[in-house]
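Take a look at the structure below.
One-based numbering along the sequence shown. Atoms within each ligand, like the ligands themselves, are counted from 1 in listed order.
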Amino acid sequence: MTAMFEHLDRASLATTPTALEQGPIVGGGARLWVKRDDLTGLGGGGNKARKLEFLCGDALRAGARALVTVGAAQSNHCRMTAAAGARLGMEVHLILAGDGPEAAAGNQLLSALFGAQLHFTGAAESHWGELEIAREALTDQLTDEGLQPYSIPIGGSTAIGALGYATGFVELLEQCAGQHVTPSAVVFTSSSGGTHAGILAGRAALSAAGWAVPDVIAIGVAKGVNKGSPNVTDLANETLDLMQLPGVRVDPSDVEVDGRWIGNDYAVPTEAGDAAIRWAATNGGWLLDRTYSGKGLSGALGLADEGRFGHGNVVFIHTGGWPALFAADGIPA
Ligand SMILES: *Cc1c(COP(=O)(O)O)cnc(C)c1O
């Protein structure tokens with residue numbers, strides 16, 4: 001099934017396939033499996049490595065010499081873009097929310113270590129519109145300086161970036177077949193929607209090829225994605241167009257975002273998320289974070305408690321995020 005991606009430009013950045021690990025029985029009697037996309041390798045790993053393979057493939061094809069992207073103060077996407085630039089010999093500029101700290105920690109420390117230039121905007125954490133305007137302004141400036149920058153929107157969530165999760169989903173279902181696991185649902189954390197769109201594109205492609213496909217449930221941890229922005233259906237269908245499968249479509253009814261686990265806002269910790277971080281650490285040695293994967297797993301465990309998966313197999317895609325544990329408010333001791 002990987003043939004459907006062969007015509008696409010791709011930089012080799014991620015260590016794949018990532019492992020699919022068996023976890024314990026959870027609420028309602030379901031069996032938890034964890035897809036270790038926290039171990040994609042690139043600069044500490046996480047889901048952005050899969051997107052960056054296609055984004056950087058496109059950047060190299062376009063002859064870019066610099067990468068520009070944008071994110072929250074503790075952005076994993078920015079950290080992995082910094083690492084991608086280091087691997088590919090490209091200058092990297094990061095537009096970040098908040099003000100420059102006295103001492104960089106967590107993802108910022110790693111981004112600086114990878115040689116990226118950090119540009120602090122003073123913007124509030126989830127004011128993504130303001131951050132995107134700053135990205136465009138810096139991109140124009142670097143273009144004027146002749147650097148031929150390749151500019152990547154928040155989270156790398158373009159159709160090109162989403163290709164990373166179309167391939168990721170095909171990888172997962174082929175792996176499930178190889179391990180004789182039939183998943184009834186796949187659950188993961190969503191914030192800028194590209195992971196979700198890619199997964200749905202991969203699911204539609206497999207379904208059209210005659211595969212039985214599981215339910216796909218996104219746990220929304222940003223207000224935008226919980227309100228339907230970006231439009232995940234449209235993004236998934238653009239991704240299918242890039243895969244040259246114009247006859248295969250994702251329907252709005254395929255898009256399920258469970259917004260109950262965000263708490264007060266993006267990057268504001270929840271009790272359930274912190275409990276999930278501790279549960280994962282002690283039940284599997286898995287490292288989750290408070291903004292993304294902790295809230296995501298709290299949703300997966302909560303849905304299991306509600307009986308959503310019955311006695312079936314549920315796969316939690318661990319999208320990464322552990323470096324944020326080492327930021328100032330990473331986790332209370
Ligand atoms: C970016 C990120 C997500 C969400 O992925 P999107 O494609 O932006 O929805 C989930 N978990 C972690 C750890 C992330 O860094």
Side-chain angles (χ1 to χ4, degrees), residues 14 18 34-40 42-52 54-55 69-83 94 97 106-107 110-111 125-126 128 131 152-166 168-169 186-202 216-226 228-232 235-236 239 255-259 261-262 266-267 273 276-277 280 286-300 316-325 327 330:
T18 57
V34 177
K35 175 67 169 163
R36 298 295 306 275
D37 276 11
D38 57 320
L39 300 181
T40 51
L42 180 68
N47 63 337
K48 303 310 182 305
R50 291 189 187 272
K51 298 178 177 185
L52 284 163
F54 290 94
L55 292 164
T69 197
V70 57
Q74 280 294 324
S75 168
N76 299 297
H77 165 66
C78 286
R79 183 240 316 154
M80 276 176 274
T81 303
L94 305 174
N107 280 300
L110 299 181
S111 295
E125 193 68 326
S126 54
W128 291 357
L131 290 166
I152 303 173
I154 197 128
S157 286
T158 63
I160 291 174
L163 286 166
Y165 267 89
F169 189 78
V186 171
V187 184
F188 56 93
T189 312
S190 181
S191 76
S192 66
T195 300
H196 194 187
I199 286 173
L200 289 179
V216 165
I217 307 166
I219 306 298
V221 299
K223 283 181 174 165
V225 91
N226 288 350
S229 166
N231 185 318
V232 170
L235 192 53
T239 309
V255 179
E256 180 175 355
V257 181
D258 185 342
W261 312 93
I262 183 177
Y266 172 79
I277 292 174
W286 301 303
L287 287 175
L288 310 179
D289 75 288
R290 302 178 96 187
T291 298
Y292 296 106
S293 45
K295 286 183 183 176
L297 184 67
S298 75
F316 178 66
I317 302 180
H318 184 343
T319 47
W322 65 267
L325 285 176

* To do: With sequence neighbours left out, write down each residue that passes ring pair (Phe, Tyr, Trp, His ring centres under 6.0 Å) with F316, or none if nothing qualifies.
  => none
* Is the distance between the ring centroids of H196 and F188 less than 6.0 Å? -> yes
* Asked: Where do T291 and Q74 land on the side-chain contact (heavy atoms from CB on, under 4.5 Å) test, with the steps shown first?
  -> CA-CA 9 Å; T291 298; Q74 280 294 324; over 6 Å; no
* Could you list the residues that satisfy ring pair (Phe, Tyr, Trp, His ring centres under 6.0 Å) with F169, not counting sequence neighbours? => none
* To do: Below 4.0 Å from any atom of ligand 1, which residues have a heavy atom? Give them in chain and number order, please.
  => N47, K48, K51, N76, S157, T189, S190, S191, S192, G193, G194, T195, Y292, T319, G320, G321
* Structure fact -> With sequence neighbours left out, the residues meeting ring pair (Phe, Tyr, Trp, His ring centres under 6.0 Å) with W261 are none
* Asked: Going through the distances and angles, do N107 and N76 end up as a side chain to side chain donor-acceptor pair (under 3.5 Å)?
  -> CA-CA 6 Å; N107 280 300; N76 299 297; 3.0 Å; yes
